[in-house]
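Some notes on the structure that comes next.
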Amino acid sequence: MNITNKEIEEAVSQNIITQEQGERLWHLWSGKEERKNGFQISHLAYYAGALIVISAMGWFMDTAWEVLGGMGMFSIAVLYACCFVFVGRRLWEKEGLKVAGGLLIVMAVCMTPLAIFGLERTLGWWPQSYPGHYLDHYEWMRGGWIWIELGTIVSASLALRFFKFPFLTAPLFLSLYLLSIDVTPFFFGTGSEWTNVRWMSLLFGLVMIVLAFLTDYYCRKHSYKEDYAFWGYLFGASVFWLGLTLLDSNQEWSKILYCLINVVLLIVGVLLQRKIFLVCGAIGVNGYIGHLAYRVFNHSILFPFVLSFAGIGIIYIGILYNRNQLKIEQYIKDKVPEAIRKFLPK
């Protein structure tokens, strides 16, 4: 049962408890809820330590594989993963240590690419030719990484099955995106790779946003407290917006279309209550306004003044939105058909 300050005030007004008792109960319960759900300093240490370990293992495997060989890499990665799962599972079952335990499980999942890379190097089972050093996995588009990405997707999915920790979706969505990039030549061919990657990023970003939306709806429908859609929205919106932005064209109509799509992202951010869409949309609209100012006042002494006034105008719009936020959001939601509105956050 969720108790708010309003319920406590009602109990005080009905003389069930005194004002002092109501204040003490509120401070007690709100403090416990904050400690239970809030982001604590210890969580920052957990995340920082996990990222350091993941980064260190990636560097170590990349520089030491000549000495260790493929089987050495595979063995060390599997050993690390088993240790992380062993300790993480025990911490997961202890009250107040779920974040630490969950991060250890994430670290175990992040050992999957290293293990698969070592095994492939030992057996020579590359989907295509040898793709290069391990860290090239995050830099170059090559079909030789496909098994690594598929294996990471499977391991992250299995981990989510047993450990309901939202951060596990981060390596899952990252691997999905890298997989989409590495399979780009199979769909678009080998010519104009950079253009193809931009189109694939745009398309895959849309797919990821849809997956995140479905995940978000499922979690809300079943009253999950954890936000499993966060990383899907983050990766999806970022990848989609980046692909859209890099599809630059000298045609003015395409720039207008770009601005309109960014306006749609702003509306989607309001409807879904996700700030990442607002950030991407705002940057895109601001970029188009800057383009208009530059095109009209190019090589003019008025350009910096016009751009300054445009920036001040955007700030003023933000102030107006802040003052009328609830009315604006309600107006936008009222324009959405009822058949769609029921799927949106309350």
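Since we're looking at a predicted model, the values are computed, not measured.
Leu247 has its side chain within reach of Trp199: a pair of non-hydrogen atoms, C-beta onward, lies under 4.5 Å apart. Between Val264 and Leu260 there is no side-chain heavy-atom pair separated by less than 4.5 Å. With contacts defined as side-chain heavy-atom distances shorter than 4.5 Å, the pair Ile181/Phe204 does not qualify. Between Tyr258 and Leu244 there is a side-chain heavy-atom pair separated by less than 4.5 Å. Side-chain contact between Arg89 and Leu104 is absent, with no heavy atoms from C-beta onward closer than 4.5 Å.
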Review item, side-chain donor-acceptor pairs of residues 161-171, under 3.5 Å, at least two apart:
| unit_1 | atom_1 | unit_2 | atom_2 | d |
| --- | --- | --- | --- | --- |
| Lys164 | NZ | Leu160 | O | 3.3 |
| Thr169 | OG1 | Pro166 | O | 2.6 |

Please table the atom pairs, donor to acceptor, closer than 3.5 Å between any side-chain atom in residues 232-239 and protein atoms at least two apart or in another chain.
| unit_1 | atom_1 | unit_2 | atom_2 | d |
| --- | --- | --- | --- | --- |
| Ser238 | OG | Leu234 | O | 2.6 |

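In this structure, Arg220 CZ and Thr215 OG1 are separated by 11.0 Å, a value rounded to the nearest 0.5 Å. Between the CD1 atom of Ile267 and the CG atom of Leu278 there is a distance of 11.0 Å, given to the nearest 0.5 Å. Interatomic distance, Cys83 SG to Met107 CE, rounded to the nearest 0.5 Å: 10.5 Å. One distance of note links CE of Met71 with CD1 of Ile76; it measures 12.0 Å at 0.5 Å rounding. One distance of note links CG of Leu202 with CH2 of Trp241; it measures 12.5 Å at 0.5 Å rounding. Within the model, atoms CD1 of Ile116 and OG1 of Thr152 stand 5.5 Å from one another, a figure rounded to the nearest 0.5 Å.
Residues passing the side chain to side chain contact (heavy atoms under 4.5 Å, CB included) test with Ile153, sequence neighbours excluded: Ser157, Leu172, Ser175, Leu176, Leu179. In this structure, Glu226 has no salt bridge (Lys or Arg N to Asp or Glu O under 4.0 Å) partners at least two apart in sequence or on a different chain. In terms of the side chain to side chain donor-acceptor pair (under 3.5 Å) criterion, residue partners of Tyr177 (sequence neighbours excluded) are, by chain and number, Ser201. Residues that satisfy the side chain to side chain contact (heavy atoms under 4.5 Å, CB included) test with Phe86, not counting sequence neighbours, are Arg90. Partners of Tyr288 by side chain to side chain contact (heavy atoms under 4.5 Å, CB included), not counting sequence neighbours, listed by chain and number: Glu252, Lys255, Ile256, Cys259, His291, Leu292. Partners of Ser75 under the side chain to side chain donor-acceptor pair (under 3.5 Å) rule, at least two apart in sequence or in another chain, do not exist in this structure. With sequence neighbours left out, Leu257 forms a side chain to side chain contact (heavy atoms under 4.5 Å, CB included) with Trp253, Ile261.
A chain of hydrophobic side-chain contacts below 4.5 Å, direct or via other Ile, Leu, Val, Met, Phe, Trp or Tyr residues, connects Ile209 to Ile283. Under the 4.5 Å side-chain heavy-atom criterion for Ile, Leu, Val, Met, Phe, Trp and Tyr, Leu79 and Val85 are members of distinct hydrophobic clusters. Side-chain heavy atoms closer than 4.5 Å link hydrophobic residues (I, L, V, M, F, W, Y) into clusters, and following such links, possibly through other members, connects Val279 to Trp231. Side-chain heavy atoms closer than 4.5 Å link hydrophobic residues (I, L, V, M, F, W, Y) into clusters, and following such links, even through other members, never connects Leu211 to Leu178. Linking Ile, Leu, Val, Met, Phe, Trp and Tyr whenever their side-chain heavy atoms come within less than 4.5 Å puts Phe213 and Val210 in one cluster.
Of all the heavy atoms in Gly281 and Leu265, the pair that sits closest is CA-CB, 4.1 Å. Across all their heavy atoms, Leu114 and Ala77 have their closest contact at CB-CB, 3.9 Å.
For the side chain to side chain contact (heavy atoms under 4.5 Å, CB included) test with Phe277, the passing option among Leu271, Leu266, Leu272 is Leu272; the others fail.
Within the structure, the side chain to side chain donor-acceptor pair (under 3.5 Å) test picks out no pair touching residues 99-108 (sequence neighbours left out). For residues 99-112, every residue pair satisfying the side chain to side chain donor-acceptor pair (under 3.5 Å) rule, not counting sequence neighbours, is listed here: Thr112-Ser155.
At a threshold of 4.0 Å, the pair Asp227-Arg274 counts as salt-bridged, since one of the basic side-chain nitrogens sits closer than that to a carboxylate oxygen.
Checked by atom type and distance alone, the side chain of Asp216 never pairs as donor or acceptor with a backbone atom of Ala212 at under 3.5 Å.
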Q. Leu119 and Met73: side chain to side chain contact (heavy atoms under 4.5 Å, CB included), yes or no, with the steps?
A. CA-CA 8 Å; Leu119 188 62; Met73 294 174 60; over 6 Å; no
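Under a 4.5 Å side-chain heavy-atom criterion applied to ILVMFWY residues, the cluster that includes Leu158 comprises Val154 as well.
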